[in-house]
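Just so it is clear, the structure is predicted and the values come from calculations on it, not from any experiment.
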Amino acid sequence: MHAKRFPKWASFLFYVLILLSLLVLNLGPRTGTSAQTASSISIIATIPVGVGPNGIAVNENTNRIYVTNYSDNTVSVIDGNTNSVIATVPVGPGPSGIDVNPLTNRIYVANHNAGSPLSVINGETNTVVAEIPVDINAFGVGINPSTNRIYVTVHPGSSHGPYVDVIDGATDTIVSTINCGIATDPVRGTSGSYCSPTQVVVDPTTGKVYVHDYNAMVVVIDNTDTVVSAITGVGGGSNDYALGLNPISRRLYVGSNIRLNLPLSVINLDTQETVASIPLLYNSLVGSIGVNTDLNHIYVAMNGLYVLDGATNTFLGDPLPVTGGGVAVNQTTNRVYVASPSTNTVVVIEDTPPPTPTPTPTPTPTLLPTCEPTDPQWPQQWNMRRIDLAGALNQFPGCFPFPVTIGIIDTGADLDHPELAGRIYRTATLVGDNANDINGHGTHIAGIIAAIPNNGIGIAGIHPHARLSIYKYSDQPLNLVKRALNRDTILQHAYDIAFLIREAVDNGDEVISISTGVPYDVNLTLGKKAFTFCNPDKPSCRGELRLAVEYAAEHGVVIVAASPEYQKERYKYPAAFAAIYNNVIAVTASTPSDTLAPYSTTGAFITIAAPGGAGTSCLGGEDDCILSLGLDGSYAENQGTSMAAPHVTGVVALMLSANSTLQPADIKFIITDTATDFATLPDGSAGAGIINAKVAVLAAMQR
C-alpha cells in the first residue's frame, strides 16, 4: 500500500473520511500496532455496588477491592475471589479518594464534602475505626507503606493552603501540613498562587510523593515533607487531573479530565522530563489512570477503557466499552477493576498477554455506551431530551462530571426526599426552624437540577453529582402571593434575596439559582425595618439587590434568574440585571415543540430559554409540563419560567465541571453562542434561543 501513490485530492479525502468516522464514533486514541491483541483483555465480571462509584483501591494481600460510592456516602468491599460485595461501610459525605495500607490493612477514605474528616476503615472488621479532621474538601489519598504515612490532598473549595495533610498511620494524627503559595515555597516563590491539588501518588522506590496540581503541574515532595520541585507544562499545559505511576519503568503518566485535545504526558521519574506526549483524539478526556507494573500496561479511562503499551507508547486495539471513574490494578492477579459511575458497578477485567506476540489487526469500530439515564420516569422527561442532557453527560468519563456546589434560593426543599439523598450540602432559612419545604416550589427546582439518576426510582436531574446549598426565603414564592403584598413586604423580600445571594457567595457556591423576582430594590437606612424605595431601572440606583449582584460578580459567581411571566415586568429583578452584568443570566421558557411558552415575558434583557412547559393544564396526564420532585418523597408536574431557570443552572454547573476556569462572561457567551434557535423567535426578544447542554459542555471543554 505504501508503494502506490494516490492523487493529492484522493489522499486528502481519504484522511478526512477516516477522521470524521472516528469523531462520530467517539473512539478516542488509536495508534500503531503492538505485541498485545485486544482479545487477551476481556471483561469477566460486572459487580453492582453503591450509587456513584468513584475512587477504587486494591489490597493485594487479602484480594479485596474497596470502592467509594460518592452519592450514597459508603464504601463497598468486594471479595476478589468471588467478585461479590461482602460489606458496605458507611463513611462521611462525598467519599472520593481512597487508598489501602497493605502493612496495617487499613483503608483511608477522603470525604470530599467540606468539613468532613478522613475515614479510616479496619480491613478485617470492615468498620470505621477512626476519623481524622483534615482540611476542607479532601480529595486524593496516597500512602507510603514503608513510612506508614498518608498524604491527603485538598481540592478547590478553599482558596488557601494547606494543600496536603500528612498523617502518621500509627497514631492517625496529622504530623505535617504542606502549604501552597507561601514565601518559602520553591515552586511558586512569593506569588501566593491559588493551589488546586487533586490526585496524589507515592513512588515506593524513592518515597517521593507526586501531587497533581490543577494548574498544569505535578508537585514533587520528598521524605521530609518538603516541596522540592515541580514538573510543569504537563498534559498540554492546562488543567491536568489524572495520575498513574510505574515504579519499575520509572514513568509517570499525566492526563486531563478538564480540557479536550490535551495529550497524555509521559514523564521520566528520575529526570523529571517529559519523554513522550501521546495525542488523544477529539472528545477525549482522561478520567483515571491505572498501571500494571508486571505487563507494563497503562489503563486509561476515557469514554472507554484504553490499554496503553508502556514500552511502545501505543494503544492496544479497540477500547473496552467501559466508561470509568477510578481504575485499580491487582498486580498479583493481573486483574483490573474499573468503577463505573454511569452504571453503579465495578467492572472486572482480566489482562492476560498471549504467549506469542502478534500484530494487532485493523480494529472493528465499537460503539461506546451512552449516558442515557435508566430511571423509570425518564421517558416522561421530554425537557431533558430537548436540551440533550445525555449527550452532555457522555462527554465526561464514566458520565461523571466533577461535583459543583449550587445555591438554590427558594422555598426550601424536601430535605428527606430519596432523590436528594446525599445531595444537600448545607441549608439556611429566613423563616421557621429549618429549610424544609412546605410549598413544593423549591423541591421541584432542586429535582430538576440534582435528582439522583440511575437509582431505580423516579427521575433524573441534570447534574448527577451536584451539591446543593438550600436557602429558604419564604414558605411561598413571591409570585403566588404578590396580590397581598404591599411595598414594605416587597422591599423586605428584595432585602432577603440580596442577603441570601451574599450568603451563597460567602459559602463558596459556584452558581446560584433564583426563581423569584421583585419590582423594587431596597436601600437600607437606620433601623431594622427602615427600608427606602430604589428603582433598579435607574442607573443611579444602588440598592441592596444590585449591590449583592455586583458582589457575586466580583467573586466570579453566576446567578441564573427566572424571568417574570405574562409580561409582568414589575417582577423582573434580579433577572433584568442580565442586561447590565455578565454574571446574571435571565431565563424564559420554551415548550415541547420548541416555541416560546405563551406565558413567557419577552424583553431585551432575556438571555436564554429553557424548557418550562406548554402552558396547558398539568392535570391531563400528557407530558406538557415539567416532571420533577414533590413533597413527602413524591413526584409532581409544574410549569413556568421558574422551572426553566434551573435547567440553565444545571447546564452551567456541567460547564463548570468540564472547565472550572470559566468566568461568568465565558459562560454567558457560550450558552448564547451554542443555543438552539426557536422554531419561531418572536421579535428577537426572547434571548438567543433554547439552551443546548451537549454543545455548551463541549464548548466549555474547548475554551
Side-chain angles (χ1 to χ4, degrees), residues 380-389 408 410 440-442 444-449 459 461-462 477-480 482 513-517 559-576 578-579 584-620 622-629 636-652 668 671-672 674-693 696:
Q380 295 174 251
Q381 293 186 266
W382 63 267
N383 48 315
M384 299 304 184
R385 291 188 293 278
R386 278 291 186 272
I387 67 173
D388 197 1
L389 174 60
I408 301 177
D410 213 276
H441 192 268
H444 200 272
I445 286 168
I448 293 170
I449 295 172
I459 65 167
I462 292 175
L478 180 66
N479 64 325
L480 296 184
K482 61 192 175 193
S513 187
I514 303 175
S515 287
T516 188
I559 297 173
V560 179
S563 68
E565 296 176 356
Y566 299 106
Q567 305 302 324
K568 301 290 186 181
E569 293 219 5
R570 275 169 40 91
Y571 292 89
K572 68 182 181 181
Y573 289 94
V584 181
I585 297 171
V587 185
T588 193
S590 62
T591 69
S593 57
D594 292 343
T595 59
L596 187 68
Y599 50 81
S600 290
T601 294
T602 57
F605 65 90
I606 302 296
T607 310
I608 195 80
T616 57
S617 171
C618 294
L619 302 178
E622 297 181 3
D623 298 334
D624 287 342
C625 296
I626 304 299
L627 177 63
S628 185
L629 308 184
E637 288 192 324
N638 208 335
Q639 62 182 329
T641 58
S642 288
M643 283 68 247
H647 286 82
V648 177
T649 303
V651 173
V652 170
K668 195 168 186 177
I671 66 168
T672 55
T674 59
T676 302
D677 289 339
F678 276 105
T680 50
L681 183 62
D683 303 323
S685 57
I690 305 167
I691 195 162
N692 187 316

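Residue A614 comes nearest to P592 through the heavy atom pair CB-CD, 3.8 Å, listed as atom of the first residue, atom of the second, then distance. Closest heavy-atom contact between T641 and S600: CG2-OG, 4.2 Å. When every heavy atom of M643 is checked against every heavy atom of I448, the shortest pair comes out as O-CD1, 3.7 Å. Closest heavy-atom contact between T601 and T588: O-OG1, 3.6 Å. Across all their heavy atoms, G447 and I459 have their closest contact at O-CD1, 4.3 Å. Considering all non-hydrogen atoms of both residues, T672 and I608 come closest at CA-CD1, 4.4 Å.
Under the side chain to side chain contact (heavy atoms under 4.5 Å, CB included) rule, T649 has a single partner from I408, I445, I449, which is I449.
For T591 (side chain) and T595 (main-chain N/O), a donor-acceptor pair under 3.5 Å exists by modelled atom type. Of the possible donor and acceptor atoms, one in the side chain of W382 sits under 3.5 Å from a partner among the backbone N and O of C625. Between the side chain of S563 and the backbone N or O of V587, at least one donor-acceptor pair lies under 3.5 Å. A distance-only check finds a donor-acceptor pair linking the side chain of H444 to the backbone of I626 [under 3.5 Å]. K668 places a side-chain N or O within 3.5 Å of a backbone atom of A578 that can act as its donor or acceptor partner. No donor-acceptor pair closer than 3.5 Å links the side chain of Y599 to the backbone N or O of Q639.
Rounding to the nearest 0.5 angstrom, the gap separating the OG1 atom in T676 from the CD1 atom in I690 is 6.5 Å. To the nearest 0.5 angstrom, T607 atom OG1 is 6.5 Å from I671 atom CD1. Residue C618 holds its SG atom at 8.0 Å from CG of D624, rounded to the nearest 0.5 Å. Put simply, CD1 on I585 and CD1 on I691 are 7.0 Å apart, with the number rounded to the nearest 0.5 Å.
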From CA spacing to verdict: side-chain contact (heavy atoms from CB on, under 4.5 Å), I462, I387: CA-CA 10 Å; I462 292 175; I387 67 173; 4.1 Å; yes
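Considering only heavy atoms from C-beta on, I559 comes within 4.5 Å of I514 through its side chain.
The closest side-chain donor-acceptor pair between D410 and H441 falls under 3.5 angstrom.
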